[in-house]
Structure formats: structure tokens, C-alpha cells
Asks: 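Got a structure for you, written out below as C-alpha cells; questions coming shortly.
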Amino acid sequence: DDIEQAQMVREVRQDIAHEMGYKMAVAIDEFVVAELLGAANVKEGAVIEDAYDEVVKAQSRMNKANVPHAGRIALVSQEVLDALMLDQRFIAYFRNATILENGLVDGVVINGLRFAVTNRVPDNTMIVVHQPSAYGFAKLLHEAEAVRLIDTVADGLRQLAVFGGGVIREESIQVVKFDAE
């Protein structure tokens with residue numbers, strides 16, 4: 001409530017907006033991943049030491065289903081990325097890689113497939129390979145209103161975000177579930 005103190009501190013609203021945007025992204029990511037996991041193309045009982053081979057096989061199944069190559073991405077947990085890092089074939093691609101803030105593993109592209117590390121996949125021992133044509137999604141900031149905050153002399157902003165989506169092409173999604181060790 002001390003205006004002079006508040007002006008000395010760097011921009012707080014920007015940090016709050018960033019944090020709220022992140023929370024909204026988490027909710028949307030969890031929704032989308034749950035929809036992707038509802039696809040029928042699930043391979044059960046894979047061995048995590050064969051993660052690289054399973055990625056190649058998932059790509060092959062997508063090729064046989066005439067799924068476009070452009071934009072393919074594999075969602076992997078840190079545990080699966082660690083298993084991939086033990087495979088010399090993957091390490092050859094990973095040498096100059098960087099994991100970006102959004103989880104994308106920049107610098108690793110295997111036959112057009114990019115990788116993203118995420119903790120949004122509920123089971124840490126699975127890979128979700130998909131292509132953008134697999135899923136339709138929309139989001140909208142439906143309402144926004146300025147509000148007077150009750151406990152302080154300040155204004156705030158309240159927004160309602162609406163989102164939804166669904167699987168369009170199941171063949172564009174391949175899920176590989178590894179056995180728990």
C-alpha cells in the first residue's frame with residue numbers, strides 16, 4: 001500500500017501477468033494431453049531402454065497411415081529423455097541441443113520429429129508422438145473487466161479464458177507406454 005515503495009520495486013504487474021499466463025498454459029496443456037491420450041493408437045508394454053527404437057516405430061506407423069511429416073512432435077518426460085540420452089543414436093543429435101523455456105528440445109530433429117520435455121504427461125514413462133492435424137483447438141479471452149481490489153488501494157484486471165478442442169485424426173497420434181521398472 002506504500003506508493004513510494006511500490007514505485008521503487010520493478011514492475012510487479014508484469015510478473016503477475018506472466019505467472020497467471022503460465023497457470024493458464026498449464027491448464028490448457030493438461031486438457032490437450034488428456035485428449036491426445038484418448039486416442040486408440042497406444043502401444044503398451046514397451047521397454048524404456050528401447051525408447052529410441054520406439055520413437056522410430058511410432059514414426060513408421062504414422063508414415064503408413066499417410067500422416068503428414070510437417071510439424072510432428074514427441075512429448076516426453078524427463079525420465080524418457082534420460083533414457084534416450086543413453087542411446088548413442090540420440091546423443092548424436094543432442095550434442096548441440098538446448099532445452100528451451102517452453103520445453104522444446106531445440107537442435108534435436110529426427111526424421112522431421114521434434115521433441116518437447118514436459119511434465120504434463122500423467123505417466124512419466126510414455127511418449128506421445130503427434131502431428132498438428134491430429135487435433136483441433138481454440139481459445140478465447142471471453143471477458144475482461146477492471147476491478148477495484150478490496151484490501152488495497154489498487155486496481156486489478158479479471159479475465160475469463162475459454163478453451164476447447166478435440167481429436168480430429170486419431171492416426172496422427174501414437175502413444176508408447178513403457179513398463180514400470
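The structure presented is a predicted model; accordingly, all values stated were derived computationally and were not measured. Excluded from the calculations below are hydrogen atoms, water molecules and symmetry mates; all remaining heavy atoms, backbone and side chain alike, are included.
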Asks: For a 4.5 angstrom cut-off between non-hydrogen side-chain atoms, does Ile127 reach Phe178?
Replies: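 A side-chain contact exists here, since the closest heavy-atom pair is under 4.5 Å.
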Asks: When hydrophobic residues are tied together by side-chain contacts of less than 4.5 Å, even through go-betweens, does Val42 share a cluster with Val33?
Replies: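 In one cluster: yes.
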Asks: Please report the closest heavy-atom contact between Met85 and Ile91, naming both atoms and the distance.
Replies: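 Minimum heavy-atom contact is O-CD1, 2.9 Å.
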Asks: Ignoring hydrogens and geometry, is there a side-chain-to-backbone donor-acceptor pair from Gln131 to His69 under 3.5 Å?
Replies: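 Side chain of Gln131 to backbone of His69: no pair is present.
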Asks: Which ring-ring contact (aromatic ring centres under 6.0 Å, His included) pairs, counting each pair once, include a residue from residues 121-140, with sequence neighbours left out?
Replies: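 ring-ring contact (aromatic ring centres under 6.0 Å, His included) check on residues 121-140 returns no pairs.
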Asks: My understanding is that only residues two or more places apart in sequence, or in another chain, count here; which of them pass salt bridge (Lys or Arg N to Asp or Glu O under 4.0 Å) with Asp87?
Replies: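 If we apply the salt bridge (Lys or Arg N to Asp or Glu O under 4.0 Å) test to Asp87, skipping adjacent residues, the hits are Arg89.
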Asks: Can you sort out the partners of Arg114 under salt bridge (Lys or Arg N to Asp or Glu O under 4.0 Å), two or more places apart, ordered by chain and number?
Replies: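 Checked Arg114 against salt bridge (Lys or Arg N to Asp or Glu O under 4.0 Å); zero matches.
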Asks: Can you confirm whether Val55 sits close enough to Val76 that some side-chain heavy atom of one is under 4.5 Å from a side-chain heavy atom of the other?
Replies: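 Not touching, per the 4.5 Å side-chain cut-off.
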Asks: In residues 163-177, what donor-acceptor pairs under 3.5 Å come from side-chain atoms, sequence neighbours left out?
Replies:
from, atom 1, to, atom 2, distance (Å)
Arg169, NE, Glu171, OE2, 2.9
Arg169, NH1, Ser133, OG, 3.4
Arg169, NH2, Glu171, OE2, 3.2
Glu170, OE1, Ala40, N, 3.1
Ser172, OG, Ser133, OG, 3.4
Gln174, OE1, Arg61, NE, 2.9

Asks: Distance from Glu49 atom CD to Leu86 atom CG, nearest 0.5 Å?
Replies: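 It comes to 8.5 Å.
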Asks: Mind checking what makes side-chain hydrogen bond (donor to acceptor under 3.5 Å, both in side chains) contact with Asn119, not counting sequence neighbours?
Replies: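 In terms of side-chain hydrogen bond (donor to acceptor under 3.5 Å, both in side chains), with neighbours along the sequence ignored, Asn119 is linked to no residue.
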Asks: By the rule that ILVMFWY residues connect when side-chain heavy atoms come within less than 4.5 angstrom, directly or transitively, which residues belong alongside Ile73?
Replies: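 Ile73 clusters with Leu100, Leu104.
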Asks: Going by distance alone, is a donor N or O of one side chain under 3.5 Å from an acceptor N or O of the other, for Gln59 and Asn63?
Replies: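 Per modelled atom types, Gln59 and Asn63 side chains form no pair under 3.5 Å.
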Asks: Among pairs that include at least one residue of residues 23-34, which meet salt bridge (charged side-chain N to carboxylate O under 4.0 Å, His left out), considering only residues two or more places apart or in two chains?
Replies: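 Sorted pair list: Asp29-Arg120.
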Asks: Mind listing the closest non-hydrogen atom pair of Asp179 and Gly45 along with its distance?
Replies: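 Here Asp179 and Gly45 meet closest at OD1-CA, 3.2 Å.
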Asks: Go through the structure and list residues passing side-chain hydrogen bond (donor to acceptor under 3.5 Å, both in side chains) with Lys43, not counting sequence neighbours.
Replies: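 Partners of Lys43 under the side-chain hydrogen bond (donor to acceptor under 3.5 Å, both in side chains) test: Glu54.
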Asks: With rounding to the nearest 0.5 angstrom, report the CG to CE distance, Leu113 to Met62.
Replies: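 That separation rounds to 8.0 Å.
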Asks: So, for Leu37 and Met126, which heavy atoms are closest and what is the spacing to 0.1 Å?
Replies: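 Looking at all heavy atoms of both residues, the shortest contact is CD2-SD, 3.5 Å.
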Asks: Got a sec, which pairs hit ring-ring contact (aromatic ring centres under 6.0 Å, His included) with one end in residues 72-91, sequence neighbours left out?
Replies: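 As it turns out, the ring-ring contact (aromatic ring centres under 6.0 Å, His included) pairs with a partner in residues 72-91, which skip direct neighbours, are Phe90-Phe94, Phe90-Phe115.
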Asks: Under the side chain to side chain contact (heavy atoms under 4.5 Å, CB included) rule, collect the residues that match up with Ala161, sequence neighbours excluded.
Replies: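 Partners of Ala161 by the side chain to side chain contact (heavy atoms under 4.5 Å, CB included) criterion, ordered by chain and then number, come out as Met24, Leu141.
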Asks: Counting only heavy atoms not in Asn111, do more than 12 sit closer than 6.0 Å to its CG atom?
Replies: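 It does not: Asn111 CG has 12 such atoms or fewer within range.
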Asks: With a 4.5 Å cut-off on side-chain heavy-atom distances among I, L, V, M, F, W and Y, is there a chain of contacts connecting Val56 to Val108?
Replies: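 Same cluster: Val56 reaches Val108 through Ile, Leu, Val, Met, Phe, Trp or Tyr contacts under 4.5 Å.
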Asks: Who else is in the cluster with Leu160 when I, L, V, M, F, W and Y are joined by side-chain contacts under 4.5 Å?
Replies: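 Via sub-4.5 Å side-chain contacts, Leu160 links to Val162.
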Asks: In chain order, what residues pass the side-chain hydrogen bond (donor to acceptor under 3.5 Å, both in side chains) check against Ser77, with sequence neighbours excluded?
Replies: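 So Ser77 forms no side-chain hydrogen bond (donor to acceptor under 3.5 Å, both in side chains) with any residue.
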